[in-house]
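For reference, the structure is listed below as structure tokens.
Numbers restart at 1 for each chain; the letters A, B, ... are given by sequence-line order, proteins then strands.
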There are 2 protein chains.
Amino acid sequence: MPAPQNTLDEILSAVHGAAKRVTVAKRTVAEVLVATNRHLTADEITSLVQEREPDVSPSTIYRILEEFENLQIVVHAHLGQAAAVYHLTGAVHGHLTCEHCGATMEIPAAHFDALSKDLQKSYGFLLDRHHVAISGTCAHCQPATRA
Amino acid sequence: MPAPQNTLDEILSAVHGAAKRVTVAKRTVAEVLVATNRHLTADEITSLVQEREPDVSPSTIYRILEEFENLQIVVHAHLGQAAAVYHLTGAVHGHLTCEHCGATMEIPAAHFDALSKDLQKSYGFLLDRHHVAISGTCAHCQPATRA
DNA sequence: TTAGATGCAAAGACTTTGCGCACTT
DNA sequence: AAGTGCGCAAAGTCTTTGCATCTAA
């Protein structure tokens with residue numbers, strides 16, 4: 001598999017290499033992703049892109065994110081019931097979402113190694129380390145005095 | 001915490017005990033949940049309920065499921081990008097969702113014990129065993145001849 | 001030149017909400 | 001009798017799609 005693309009140049013090269021066109025909208029989306037380098041909803045990406053390029057429409061953002069996913073530039077995951085979040089493929093990690101305050105945190109995929117092996121052995125199920133999203137209660141939302 | 005309600009009587013008692021009314025719609029939803037005893041989308045529940053009580057509307061199903069969640073009778077989880085699934089609280093289990101064929105399977109929560117401890121120790125994060133939904137590739141969608 | 005990319009607007013899937021009547025208690 | 005719960009329909013969110021136009025290569 002190709003190395004993850006985490007720089008602007010790498011992303012645009014990948015687009016170019018796939019015989020896709022490098023447009024202002026795509027470049028701006030790529031810039032936003034590289035600049036923040038953490039998970040963002042389509043809506044957040046749209047806002048950030050529109051700060052620089054006000055005429056880019058949400059539907060274009062979705063189409064670009066879809067293309068970037070096909071090119072393995074980004075992955076998305078669904079946290080809780082809310083909108084999907086997107087982030088660069090290079091940032092391999094799982095997500096923890098707090099059911100109480102809605103906060104999300106990213107944790108290294110290594111935490112899922114054991115579970116991954118277990119599921120593979122038990123069910124032949126191949127866990128996707130990019131999509132892992134665990135719901136629960138974060139430290140802040142747990143009463144200090146033990147529930 | 002109260003014992004999980006998995007029989008019709010227990011569910012309706014819980015409703016009654018909460019000073020809520022026991023209606024035809026609620027009884028039918030409860031019957032469907034008990035009869036299938038696995039995860040169902042709101043839409044599936046609506047269809048099953050309407051087979052017996054055609055006049056029950058989807059919005060009522062959502063309201064009942066919300067009430068049942070508050071009463072800890074059911075829990076819901078979000079699998080992939082699709083609709084949320086609901087199941088009885090008693091059926092504690094995680095979900096595996098195949099990104100390719102969309103199939104979902106339920107597995108014992110015990111598989112998450114180690115991960116649960118790890119997350120608690122590392123981040124103080126309390127994993128919700130009812131909500132665990134893992135994305136990946138199921139055995140059937142993996143090429144027999146090793147990818 | 002020319003085919004892919006975009007903007008706009010409408011549609012679609014899933015879920016929530018407002019309102020007045022019906023039914024449970 | 002009293003007030004919760006319901007059906008209906010409309011609204012709300014997030015995402016996708018159709019189509020005419022524009023633009024990167």
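At least one side-chain heavy atom of B:Ile11 sits under 4.5 Å from a side-chain heavy atom of B:Leu88. For the pair B:Phe112/B:Ile134, a side-chain contact is recorded, criterion being any heavy-atom separation below 4.5 Å from C-beta on.
When the P atom of C:dA22 is taken as reference, atom CD of B:Glu53 falls 18 Å away, rounded to whole Å. The nearest whole Å value for the distance from the CD1 atom in B:Ile45 to the C1' atom in C:dT15 is 13 Å. Rounded to an integer number of Å, the gap from CD of A:Glu67 to C1' of C:dG4 is 10 Å. In this structure, NZ of B:Lys26 is placed 10 Å from C1' of D:dC6, rounded to the nearest angstrom. Between the CD atom of A:Glu66 and the P atom of C:dT6 there is a distance of 12 Å, rounded to whole Å. Computed from coordinates, the A:Leu12 CG to D:dA24 P distance equals 14 Å when rounded to whole Å.
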- Message: Please evaluate residues B:His95 and B:His39 with respect to the criterion ring-ring contact (aromatic ring centres under 6.0 Å, His included), reporting the C-alpha separation (whole Å), side-chain torsions for both, the decisive distance (0.1 Å), and the verdict.
- Response: CA-CA 9 Å; B:His95 297 98; B:His39 61 246; 4.7 Å; yes
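Put simply, A:Thr23 has a side-chain N or O that comes within less than 4.0 Å of OP1 or OP2 on C:dT6. For A:Tyr62 and D:dT16, the shortest distance from a side-chain N or O to OP1 or OP2 is not below 4.0 Å. Contact annotation: B:Lys20 does not reach the phosphate of D:dT4 (side-chain N/O to OP1 or OP2, under 4.0 Å). Taking side-chain N and O atoms only, B:Ser57 has a distance below 4.0 Å to OP1 or OP2 of D:dG7.
Checking C:dT6, D:dC6, D:dT15 against every side-chain atom of A:Ala84, the shortest atom distance belongs to D:dT15. The side chain of A:His16 approaches D:dA25 more closely than any other nucleotide in the set D:dA25, D:dG5, C:dT6. Of the listed nucleotides (C:dT17, C:dC14, D:dT15), C:dC14 has the atom at the smallest distance from the side chain of B:Ala83. Of the candidates C:dG7, D:dC8, C:dA5, the closest approach to any side-chain atom of B:Ser59 belongs to D:dC8.
Remark: aromatic rings of A:His111 and B:Phe125 are distant, center separation not under 6.0 Å.
Using modelled atom types, no side-chain atom of A:Ser135 and backbone atom of A:Thr97 make a donor-acceptor pair closer than 3.5 Å.
Nucleic acid contact for A:Asp55: sugar-phosphate only, since backbone atoms but no base atoms lie under 4.0 Å from a heavy atom of the residue.
Remark: the B:Arg27 side chain and the D:dG5 base include no donor-acceptor N/O pair separated by less than 3.5 Å. Contact annotation: side chain of A:Arg21 to base of C:dA3, donor-acceptor pair present below 3.5 Å. At a cut-off of 3.5 angstrom, counting only N and O atoms as typed in the model, there is no donor on one side facing an acceptor on the other between the side-chain of A:Arg63 and the base of C:dG4.
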